[in-house]
Amino acid sequence: MLQIQKIREQKDNFIDALKKRNIDAKPLFDEIVALDEKRRATQTELDNTLAESNKLSKEIGMLFKSGKASEANELKAKTGDLKEVSKKLGDDLNQAADQLQELLYQIPNIPHESVPSGNSDEDNEEVFREGAVPELTDNALPHWELAKKYDIIDFELGVKVTGAGFPVYKGKGARLQRALISYFLDKNTAAGYTEIQVPHLVNEASGYGTGQLPDKEGQMYHVQADDLYLIPTAEVPVTNLFRDEIVKKEEFPIRYTGYTPCFRREAGSYGAHVRGLNRLHQFDKVEIVRVEHPDNSYNALNGMVEHVKTILRELKLPYRILRLCGGDLGFTSALTYDFEVFSTAQDRWLEISSVSNFETYQANRLKLRFKDENGKNQLAHTLNGSSLALPRVLAGILENYQTANGIEIPEVLVPYCGFDTIS
RNA sequence: GGAGAAAUGGCAGAGUGGUCGAAUGCGGCAGUCUUGAAAACUGUUGAGGGUCACACCUCCGGGGGUUCGAAUCCCUCUUUCUCCGCCA
């Protein structure tokens, strides 16, 4: 959520920047500024009324104490009007504040200056590419065929037990999955991230804290009996650890990594592109989260990008990095880099990681602050990234490492798997 | 799930209708002393709104109520603790 003071100060700049998202924010901002003025005016009026009635109450107390009951009762009669006025002003204030909040929730984050303009993923800007695309034989198979051939992932069984998009991993498939999780966590902790295990269900306040609510209400599984949401990413519980916190600036950088399953309803997406592991309702992901001093957040973002690179290099997967354009940028993000692995067998790029800086957007909702050098509380910056998302990495490995003799296991994973081929 | 107790500032812990945003201790910060540190002493130290800056306003788990006035009384929700039950 944007800070109202910042909107007041630089409304026109924001409107300009939001054009990159193909949004004309002017009407909304005009309404917000007007509402904010109304809110403050009402607040001032209410404050004055309350000040007066506080004063009267004190006088009444003194009079009673010194035994002047009749004078006290006289004053009492005067307080009725004030009470009525302050009640009305209080209601007005709440109403204005609620309306303002609702409008603020509708505004996405301001894109970073480096974000290219554009409408869709086609306008994303490739900034880096690395790794050799393997030459596969003509009869190379997509991963869903390989999964069947070697009996390592069973999609039909998942359908029986739950429904489409909930695969069952079997034998070496399950082991490879577990190996990847361990390997990712080890890489992340070696890079200074503290491993953490968090709940897989979160409350409504957490959903608002990181911005999934109200924007993506329909994308999360909602357990209505308990009013809890299944997490769509570890970002939600991990970042919300810092909700309503004031951290010491010496604590920076704050770095966490966690493995969780992720649950997404993915309402309305069907077709060839969601086959196999390409899009699931439940998948595993290892996430990295950072809380940073504003001066260091872009530095931190670059560090996260470099870190994910080292993992893909070790896995020897061909990949590229995209800087997301305004039209494809997530609602809460200021700058996002997507990592994509190339799958020869599918002849397409698969998104396997997304690394973002949210600047103060989440921190403002979370009330996540730090004390600066002047002792003033300031919003921190939050960042996160996948390191990495399992299914598409798995798909990439299966498809790129297939040989006539089976699927080879990337060297770095062999110690984690305990085998070097799936055949 | 049943019965009881509790929720106060970074932490501990007073405060049971008026001068309480809140004693005291610890911790933090600044200073005095010291070559430096420790100890001791002195001062300072919650959050938000508002203002050029003050003033002023709100917040004692959340919400609602009683009252001229609520941390304090009432209702309700949540959470924690103790005991019982159930259970991986």
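The figures here come from the full heavy-atom set of this structure, side chains too, leaving out hydrogens, waters and symmetry mates.
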Can you tell me the pairing partner of B:U16 across any strand shown, Watson-Crick or G-U wobble, with both distances under 3.5 angstrom? none

Considering just the side-chain nitrogens and oxygens of A:R8, establish if one lies under 4.0 Å of OP1 or OP2 belonging to B:G50. yes

Decide yes or no on salt bridge (charged side-chain N to carboxylate O under 4.0 Å, His left out) for A:E145 and A:K148, but give the supporting numbers first. CA-CA 5 Å; A:E145 304 275 357; A:K148 199 163 205 162; over 6 Å; no

Could you check whether the rings of A:Y256 and A:F242 sit parallel, tilted or perpendicular, using 30° and 60° as the cut-offs? tilted

Taken to the nearest whole Å, CG/A:D244 to C1'/B:G61 is 12 Å

Checking side-chain polar atoms at under 3.5 Å, does A:E125 have a donor or acceptor matched by the opposite partner on A:Y337? no

Is there a Watson-Crick or G-U wobble partner for B:G31 with both distances under 3.5 Å, and which nucleotide is it? B:C41

Protein-nucleotide distance (A:K38, atom NZ; B:G50, atom C1'), rounded to Å: 18 Å

Could you tell me the separation between the CD atom of A:E251 and the P atom of B:G10, rounded to a whole number of Å? 14 Å

Classify the side-chain pair A:Y183/A:E314 by whether it contains a donor and acceptor separated by less than 3.5 Å. yes

Determine the interatomic distance between C1' on B:U34 and the same-named atom on B:A39; round to the nearest Å. 11 Å

Taking the same atom, P, in B:A53 and in B:G49, what whole-Å distance lies between them? 13 Å

Can you figure out which of B:G49, B:A47, B:G18 approaches the side chain of A:R369 most closely? B:A47

With a 4.0 Å cut-off on heavy atoms, is A:S57 in touch with a base, just the backbone sugar-phosphate, or nothing at all? base

Check whether any side-chain nitrogen or oxygen of A:R40 sits under 4.0 Å from OP1 or OP2 of B:U51, and answer yes or no. yes

Using purine N1 to pyrimidine N3 plus N6-O4 or O6-N4 for Watson-Crick, or N1-O2 and O6-N3 for G-U wobble, both under 3.5 Å, which nucleotide pairs with B:G50? none

Now, which nucleotide makes the Watson-Crick or G-U wobble pair with B:G21, with each of the two distances under 3.5 Å? none

I need the CD1-P distance between A:I60 and B:A70, as an integer number of Å. 12 Å

Taking atom P of B:U19 as reference, at what distance in whole Å does atom CG of A:L56 sit? 15 Å

So which one's nearest nucleotide on RNA chain B is more toward 5', A:T79 or A:D36? A:D36

Please report the distance separating the P of B:U66 from the corresponding atom of B:G13, rounded so that it comes out in whole Å. 34 Å

When rounded to whole Å, the CG to P distance for the pair A:L379 and B:A47 reads 14 Å

In this structure, how many angstroms lie between the C1' atom of B:U58 and the CZ atom of A:R39, rounded? 12 Å

Nearest 0.5 angstrom please: A:L93 CG to A:Q43 CD, how far? 5.0 Å

Start at the 5' end of RNA chain B and walk down; is the nucleotide closest to A:M62 or to A:K76 reached first? A:M62

B:C81: pairing nucleotide in any strand, Watson-Crick or G-U under 3.5 angstrom: B:G4

Within less than 4.0 Å of OP1 or OP2 of B:G69, is there a side-chain N or O belonging to A:K83? yes

With rounding to the closest Å, how many angstrom separate the P atoms on B:U72 and B:U16? 12 Å

Take atom C1' in B:A7 and the same atom in B:U76, then report the distance between them in whole Å. 16 Å

For A:N54, answer base if it contacts any base atom (sugar-phosphate contacts may also be present), sugar-phosphate if it contacts only those atoms, and nothing otherwise; contact means non-hydrogen atoms under 4.0 Å. sugar-phosphate

At under 4.0 Å between heavy atoms, what does A:K371 touch on the DNA or RNA strands: base, sugar-phosphate, or nothing? sugar-phosphate

Once you round it to whole Å, what is the distance between P of B:G50 and CD of A:Q3? 12 Å

Which part of the nucleic acid, if any, lies within reach of A:N377 when heavy atoms closer than 4.0 Å are counted: base, sugar-phosphate only, or nothing? sugar-phosphate

Could you give the distance separating B:G50 and B:A55 at their C1' atoms, to the nearest angstrom? 10 Å

Answer yes or no: is there an ion pair linking A:K88 with A:D91, defined by an N-O contact shorter than 4.0 Å? no

Distance between C1' atoms of B:G10 and B:G65 (Å, rounded): 33 Å

When you compare the side chain of A:R365 with that of A:Y105, does any pair of heavy atoms fall below 4.5 Å? yes

Pairing partner (Watson-Crick or G-U wobble, both distances under 3.5 angstrom) of B:U66: none

Which value, in whole Å, describes the distance between the P atoms of nucleotides B:A70 and B:C20? 15 Å

